[in-house]
Amino acid sequence: MTANVAVETTPEIPLWNDPSHPVSARVDALIGAMTLQEKIAQLYGVWVGASANGGEVAPHQHDMEEAVDLDALLPSGLGQLTRPFGTAPVDPALGALSLLRTQTRITSANRFGIPAVAHEECLAGFAAWGATAYPVPLSWGATFDPDVIRRMAAAIGRDMRAVGVHQGLAPVLDVVRDLRWGRVEETIGEDPYLVGTIGTAYVQGLESAGVVATLKHFVGYSASRAGRNLAPTSVGPRERADVLLPPFEMAIREGGARSVMHAYTDIDGIPSAADEKLLTGLLRDTWGFDGTVVADYFGIAFLKTLHGIAGDFADAAGAALTAGVDIELPTVKTFGAPLADAVAEGRVPESLIDRALRRVLTQKADLGLLDPDWSPVPPAFAGADVDDPDALRGTIDLDSPANRELAREIAEKAVVLLANDGTLPLAAPRRIALVGPNAAEGTAVLGCYSFPQHVGVQHPEIPVGIELPSLGQSLAAEFPDAEITVARGTGVDDGDLSGIAEAVDTARDADIVVVALGDRAGLFGRGTSGEGCDAESLALPGAQQELLNALLDSGTPVVTVLLAGRPYALGRAVEDSAAIVQSFFPGVGGTRAIAGVLSGRTAPSGRLPVSVPRGPGSQPATYLGARLAQASEVSNIDPTPAFGFGHGLTYTTFAWSDLTLDTEQAPTDGEFTASLTVRNTGERSGTEVVQLYLHDPVASVVQPVQRLVGYTRLELAPGESRRVRVTVPADVASFTGRDGRRIVEPGELELRLAASSTDARLTTRVSLTGPVRELDHTRRFHAEFTVE
């Protein structure tokens with residue numbers, strides 16, 4: 001079906017290719033010239049894999065999809081190319097050449113010469129063979145440092161853009177609600193303000209490189225029952241509004257994110273992919289989002305196969321389009337023939353296709369893909385001979401020294417010292433016993449969405465592609481004069497007890513024991529952390545607790561080191577370890593960062609983005625609990641954590657003093673300023689993270705006992721002091737009231753200036769006066785810190 005629309009053109013260039021015209025006019029002209037099949041073709045992707053020799057990509061086959069015939073599809077065009085680099089190990093330069101040749105084929109095959117948007121995963125770095133593996137998002141949260149995450153995302157984006165990738169499927173803005181969930185490692189933490197600020201910084205960095213950031217998963221995926229992946233979600237409208245949605249609000253308004261991915265889950269029976277009130281009413285009509293909404297992989301088909309709200313794939317396609325989903329990923333299924341048939345039968349109006357298409361083409365125009373001078377040659381090939389694959393091989397470095405230095409910086413800032421009896425830093429030990437399943441495993445620093453763990457494990461014949469020193473290697477470099485003896489003790493999750501006796505003997509012959517415990521990242525049950533690797537409890541996997549207990553009985557001081565994707569209950573080790581060091585899959589610089597903390601070369605400065613449980617069965621619980629969620633005399637289960645959100649020790653001490661308020665009263669539309677002095681009272685330089693928590697003693701609806709509303713990092717030399725001022729707008733005290741409106745109520749508030757959620761150093765009270773005030777998404781998000 002071709003629309004007979006008069007299109008303004010010049011002899012040289014069609015209107016849609018003419019950048020001198022407004023994008024809206026160009027897009028309208030192009031839509032008017034397209035057939036129905038050409039329109040639909042822009043609304044789906046095809047999952048492909050780059051050629052190892054630089055040839056065109058080949059469709060990737062998955063057990064949830066049928067074979068794709070590119071020759072049949074491409075004359076109508078193609079919306080997206082799914083993971084050309086992230087499907088199989090390919091030399092980056094040859095992958096870029098493969099993408100170049102494929103884009104040439106795509107543009108040559110369709111009437112309008114429209115290229116596809118190429119998207120990739122970039123959750124812990126560009127998910128391509130040979131690319132730097134950065135720390136996972138849980139480590140981003142542990143830095144409490146948006147600036148370094150912004151720089152990391154910009155570096156990731158530059159690498160992606162250099163080889164022809166346009167869109168990144170990150171960041172994950174899900175707020176942790178249950179630590180048993182396998183994807184905790186992909187989240188930034190259990191607090192919406194921390195998730196929002198760190199996630200927004202990531203978006204800003206990626207978008208600054210010209211790569212479209214994709215917020216996921218919108219919304220509620222992390223709140224599944226029992227922490228099971230893709231399980232039903234039970235949250236009320238207030239929890240959704242006050243805990244789950246704020247990071248997305250912030251990343252759209254302050255980060256400029258241009259894409260959102262719907263969640264797999266349903267809330268109260270409405271799947272996100274079919275939720276018009278969410279994807280159109282809230283996201284677009286209320287928040288003003290004008291980018292694209294993409295499907296989580298196979299998510300539209302799931303409306304039929306998993307959710308049962310669609311009788312066939314045509315119904316699923318119609319429900320998703322009606323809700324506001326624009327692009328089907330990873331490949332064509334419901335948006336292909338089923339959608340075309342549904343339009344022909346009158347089951348889906350063509351106007352819905354035009355609405356989605358307008359958003360897709362607008363984004364392609366913004367990316368320059370409709371411009372007459374667009375070229376499939378990526379920036380990395382400037383001046384190169386793209387006709388000589390052999391000469392190109394090895395010419396693109398996605399793991400540059402600058403990347404690795406940045407990864408090291410983040411890893412160092414993310415290491416959290418949980419406990420220390422004075423044993424750390426180690427003073428030139430002569431004999432170190434390095435024990436545990438993660439002692440000699442280089443990949444123990446990698447998360448589930450790193451390329452080696454996500455894709456590389458399926459190709460064991462191919463080298464990992466990046467340097468991953470094990471903790472043993474990094475300790476040997478850090479302590480060159482020490483004798484280091486390594487004993488595995490047990491596996492991550494095999495339950496093997498046979499090596500524990502040897503490990504204990506090794507420990508008894510040493511001056512210090514470093515036991516490296518934690519997780520192995522994987523997918524769908526192939527690991528102990530990662531997508532589909534949910535935990536029944538928060539006990540250490542396998543026989544690791546038995547190994548740890550035996551080492552604690554050895555008589556040699558034990559430093560417990562965690563390389564993990566989630567926090568675990570550590571049993572008696574909380575009290576009996578000489579020290580505990582927590583690291584969340586810290587990437588290529590991770591083991592060196594840990595070794596530096598152990599030696600004292602690096603001062604620990606990370607803070608917990610999630611609480612560490614005291615017992616293995618206390619989930620779900622986060623520090624954001626209301627009063628009824630705290631320990632009480634009427635329940636035998638105590639959810640009090642071993643180490644609370646925001647906790648982290650240093651190798652120095654700090655004194656907090658001289659708290660003042662500029663006013664004891666402020667109107668509900670006003671602000672107030674608190675000031676305090678922080679002084680380094682120790683003998684070493686160190687970093688203090690000043691955290692501001694808000695406690696609302698009396699509110700019209702139940703509130704968390706406290707919640708984070710601001711933070712800042714202070715790096716202080718010995719004896720140095722700084723005056724810290726924090727201006728707190730009344731907006732940050734807002735919450736969703738009984739009628740669903742966001743309000744600020746008059747009344748007394750308590751400000752807790754704290755080193756963690758469990759360590760308030762200074763408190764004061766202020767009263768808000770005046771009428772109840774209603775707010776919307778344009779409210780002020782931040783308590784603003786200045787350091788004098």
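Within 6.0 Å of CD in Glu575 there are more than 12 heavy atoms belonging to other residues, nucleotides or ligands. Surrounding CG of Asp290 are at most 12 heavy atoms belonging to other residues, nucleotides or ligands under 6.0 Å away. By the neighbour-count criterion of 12 heavy atoms within 6.0 Å, atom CD of Glu664 is sparsely surrounded, having that number or fewer from other residues, nucleotides or ligands. In Arg238, the CZ atom is crowded: over 12 heavy atoms of neighbouring residues, nucleotides or ligands sit closer than 6.0 Å.
The closest side-chain donor-acceptor pair between Asp174 and His217 falls under 3.5 angstrom. Inspection of the Ser611 and Glu190 side chains reveals an N or O donor paired with an N or O acceptor under 3.5 Å. Side chains of Tyr623 and Gln706: a donor-acceptor N/O pair is absent below 3.5 angstrom, by distance only. For the residue pair Arg225/Ser234, the side-chain donor-acceptor check at 3.5 Å is satisfied. No donor-acceptor contact under 3.5 angstrom links the side chains of Tyr202 and Gln204, judged on distance only. Defined by atom type and a distance below 3.5 Å, a donor-acceptor pair is present between the side-chain atoms of Thr214 and Gln167. Using modelled atom types, one finds no donor on one side chain facing an acceptor on the other under 3.5 Å when comparing Gln691 with Ser756. Residues Thr677 and Ser721 have side chains that never bring a donor and an acceptor to within less than 3.5 angstrom of each other. Counted by atom type alone, Thr653 and Thr681 present one or more donor-acceptor pairs between their side chains at under 3.5 Å. In this model, no donor atom of one side chain and acceptor atom of the other lie less than 3.5 Å apart for Thr650 and Thr652. With 3.5 Å as the limit, one finds a donor-acceptor pair spanning the side chains of Thr292 and Gln363. A donor-acceptor contact closer than 3.5 angstrom links the side chains of Arg723 and Thr660.
Using a 4.0 Å cut-off between a side-chain N of Lys or Arg and a carboxylate O of Asp or Glu, Asp242 and Arg742 qualify as a salt bridge. A salt bridge links Arg725 to Glu788: at least one charged side-chain nitrogen sits closer than 4.0 Å to a carboxylate oxygen. Between Glu239 and Arg177, at least one side-chain nitrogen of the basic residue sits less than 4.0 Å from a carboxylate oxygen of the acidic one, meeting the salt-bridge criterion. Ion pairing between a basic and an acidic side chain is recognised when a charged N comes within 4.0 Å of a carboxylate O; Arg773 and Asp731 show such pairing. We find that Arg359 and Asp326 are joined by a salt bridge, their nearest charged nitrogen and carboxylate oxygen being less than 4.0 Å apart. The pair Arg253-Glu249 fails the salt-bridge criterion, with no side-chain N (NZ, NE, NH1 or NH2) lying under 4.0 Å from an Asp/Glu carboxylate O. By the 4.0 Å N-to-carboxylate-O rule, Lys277 lies too far from Asp268 to be salt-bridged with it.
Qualifying side chain to side chain donor-acceptor pair (under 3.5 Å) partners for Asp759, counting only residues two or more places apart in sequence or in other chains: Arg761. In terms of the side chain to side chain contact (heavy atoms under 4.5 Å, CB included) criterion, residue partners of Ser632 (sequence neighbours excluded) are, by chain and number, Val634, Ser635.
Centroid-to-centroid, the aromatic rings of Trp181 and Tyr221 come within less than 6.0 Å.
Below 30°, between 30° and 60°, or above 60°: for Tyr711 and Tyr193 the angle between ring planes is above 60°, a perpendicular geometry.
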- Under the salt bridge (Lys or Arg N to Asp or Glu O under 4.0 Å) criterion, do Arg679 and Glu720 qualify, and how do the steps go? CA-CA 6 Å; Arg679 184 166 65 91; Glu720 183 182 8; over 6 Å; no

- Message: Set out, in order, the CA-CA distance, both residues' side-chain angles and the distance that settles side chain to side chain donor-acceptor pair (under 3.5 Å) for Glu254 and His782, then state yes or no.
- Response: CA-CA 11 Å; Glu254 297 184 350; His782 307 284; 2.9 Å; yes

- Show your reasoning for whether salt bridge (Lys or Arg N to Asp or Glu O under 4.0 Å) applies to Arg183 and Glu185. CA-CA 5 Å; Arg183 303 188 79 166; Glu185 65 173 73; over 6 Å; no

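A heavy-atom distance below 4.5 Å is found between the side chains of Trp140 and Pro171. Ser222 has its side chain out of reach of Val176: every pair of non-hydrogen atoms, C-beta onward, lies at least 4.5 Å apart. Side chains of Phe643 and Leu418 form a contact here, defined as non-hydrogen atoms less than 4.5 Å apart. Contact annotation: the side chain of Leu138 approaches that of Val610 to within less than 4.5 Å [non-hydrogen atoms, C-beta and beyond].
Rounding to the nearest 0.5 Å places CD1 of Ile198 at 4.5 Å from OG1 of Thr143. Annotation: the span from Glu688 atom CD to Phe654 atom CZ amounts to 5.0 Å, rounded to 0.5 Å. Put simply, CD on Gln703 and OG1 on Thr736 are 8.5 Å apart, with the number rounded to the nearest 0.5 Å.
Both tests do not hold together for Lys216 against Tyr264: distance to the six-membered ring centre under 6.0 Å, angle to the ring axis within 45°.
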